[in-house]
Amino acid sequence: MTIVLSHRAKALKPSPTMTISALATKMKAEGIDVINFGVGEPDFNTPEYIRLAAKTAIDENFTRYTSALGIPELRKAIANKLLADNQLSYKPNEIIVSPGAKAAIINVLMAVCDPRDEVLIPTPYWVSYTSQVEMLDAIPVLMPTDVSTDFKIIADQLEQAIRELPNPKVLILNSPSNPTGAVYSRTELEQIAAVCLKHRIVIISDEIYEKLIYDGDVHHSIAAISDEVKALTVVINGISKAYAMTGWRLGYAAGPAEIIASAARIQEHTTSCVNSIAQKAALCALTIQSDEMEMMRKEFGKRRNYLVGELNKIEQIHCTLPGGAFYAFPNVSYYLENNRKNIHNSIELCQFLLQEFKIALVPGSGFGADNYVRFSYATSMKNIVEGVHRFSDGLKAIL
Ligand SMILES: Cc1ncc(COP(=O)(O)O)c(C=O)c1O
């Protein structure tokens, strides 16, 4: 008997980042010396004092369901963090803890989007935004950007895009950005916020890379522009990237009480709550001061400078210096247009580089930008030094 899958399931594309990482891990397990630039997670371990907090939670039998919103002391710690770091004041019922920022985003999208509502997404975008929107039968509307604006949308472009749409509902903003590393300035955010206010567009502000910013640049949350903007914005953040805790699965959303209450209702019927032990670990991460995070950030900064410097030494490769996150996003269009290997797009280029030169990169097409490939520099300096050589050799080999 044939089982007919839902149109939703059939339409879903696999996450290109997860696919490439799984392939690289499999090749590694087979004994092949692959350098994996595909992973979007810190290569550092979760700090020991955080792991200890989780062990204590288990020993104290903190192992039961919690409220769907998350334990009150964690929500209080998140509120304190948002106030101290972002000058944002939230009440406990305006914060929900979810199984990762990824889950926080889809819960919020589910709370605000009806089928056929349009969700504006600056492009290049993080791979899951479009898939999540499509899963809800809402419509992703891509807003292309390029190096001329450092991969950032500008207010006029947003205004124009909104005017052309029948049901514009949400803007997803991601600063610092995955994959480009772009960081929006306060002035840029003010201009974008003014357009959203004018058209009553809900802003989902994904700030998961907030703590990974370089060269003394500063992170600004769009919600902090004014109380009116805050009332239209849901801030998304989490512990995965800043505290090297990707596998713990904990993120959060902070925003208007009615959106958070709806997200909690959705969570009650889907995942119930976040793993109780991870909640205690996150509480520790957010309340205990440690210099380990700064050590990680500095190390990422050194790797960024080296990698981008070396990439730009390769003939016909152009890579902007990313202001934040841990990705480099070089333009490879010259090699897509001028090669004798029948390589037509970023997927074919990445397949060639993985098979022949044993480096795993994520094709730009997964981020809506086929002329690019993404390097994650959340890997050792030794791997970066060797990997960039292999990249350069691989490109020379196809000309
Ligand atoms: C831009 C962006 N948002 C959200 C996430 C998801 O983070 P989490 O591990 O908290 O689900 C990622 C992870 O790669 C990301 O790059």
Side-chain angles (χ1 to χ4, degrees), residues 14-22 36-44 46 50 70 74 78 81 95-109 119 121-133 140 145 151-152 170-184 203-213 219 221-222 234-254 263 267 270-271 274-275 278-279 281-282 285-286 300 322-329 362 364 366-369 374-379:
S15 157
T17 47
M18 296 256 181
T19 308
I20 204 88
S21 274
N36 190 354
F37 288 108
V39 281
E41 62 182 345
D43 52 321
F44 301 103
T46 301
I50 300 177
L74 176 56
I78 292 168
K81 179 256 169 254
I95 294 172
I96 181 169
V97 181
S98 292
K102 197 180 252 186
I105 297 168
I106 195 159
N107 286 342
V108 171
L109 283 170
V119 179
I121 303 178
T123 304
Y125 50 78
W126 177 50
V127 293
S128 291
Y129 296 146
T130 46
S131 295
Q132 291 196 347
V133 170
T145 66
F151 297 108
K152 293 184 261 190
V170 175
L171 165 69
I172 304 184
L173 206 62
N174 175 214
S175 176
S177 151
N178 173 8
T180 67
V183 178
Y184 283 79
I203 306 165
I204 297 181
S205 178
D206 181 351
E207 303 177 18
I208 191 86
Y209 293 99
E210 169 192 18
K211 297 286 179 196
L212 299 175
I213 291 201
H219 169 75
S221 173
I222 194 165
V234 181
V235 174
I236 303 289
N237 210 326
I239 55 170
S240 286
K241 315 289 177 175
Y243 298 93
M245 293 178 73
T246 47
W248 297 75
R249 307 312 302 131
L250 191 143
Y252 56 87
Q267 196 155 282
T270 50
T271 48
V274 173
N275 168 336
Q279 293 195 54
L286 290 175
F300 285 135
F326 42 59
Y327 307 104
F329 202 54
V362 185
F367 309 95
R374 192 193 76 175
F375 282 73
S376 159
Y377 48 85
T379 186

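Remember, it's a predicted structure, so these values are computed and weren't measured experimentally. Read the numbers this way: they start at 1 and go in the same order the structure lists the ligands and their atoms.
- Between atom CD1 of residue I106 and atom OG of residue S98 there is a gap of 11.0 Å, rounded to the nearest 0.5 Å.
- Here the straight-line distance linking atom OG1 of T379 with atom CG of D43 works out to 5.5 Å at 0.5 Å rounding.
- Note that CD1 of I50 is 7.5 Å distant from CD1 of I239, once rounded to the nearest 0.5 Å.
- Legend: side-chain hydrogen bond (donor to acceptor under 3.5 Å, both in side chains) pairs involving residues 123-133, not counting sequence neighbours, sorted by first then second residue: Y129-D206.
- Sorted by first then second residue, the side-chain hydrogen bond (donor to acceptor under 3.5 Å, both in side chains) pairs that include residues 234-252, not counting sequence neighbours, are E41-T246, T46-W248, Y209-K241, E210-N237.
- Enumerated by chain and number, the residues approaching ligand 1 to less than 4.0 Å through a heavy atom are G100, A101, K102, W126, Y129, N174, N178, D206, I208, Y209, S240, K241, R249.
- Every residue two or more places apart in sequence or in another chain was checked for a salt bridge (Lys or Arg N to Asp or Glu O under 4.0 Å) with K102, and none qualifies.
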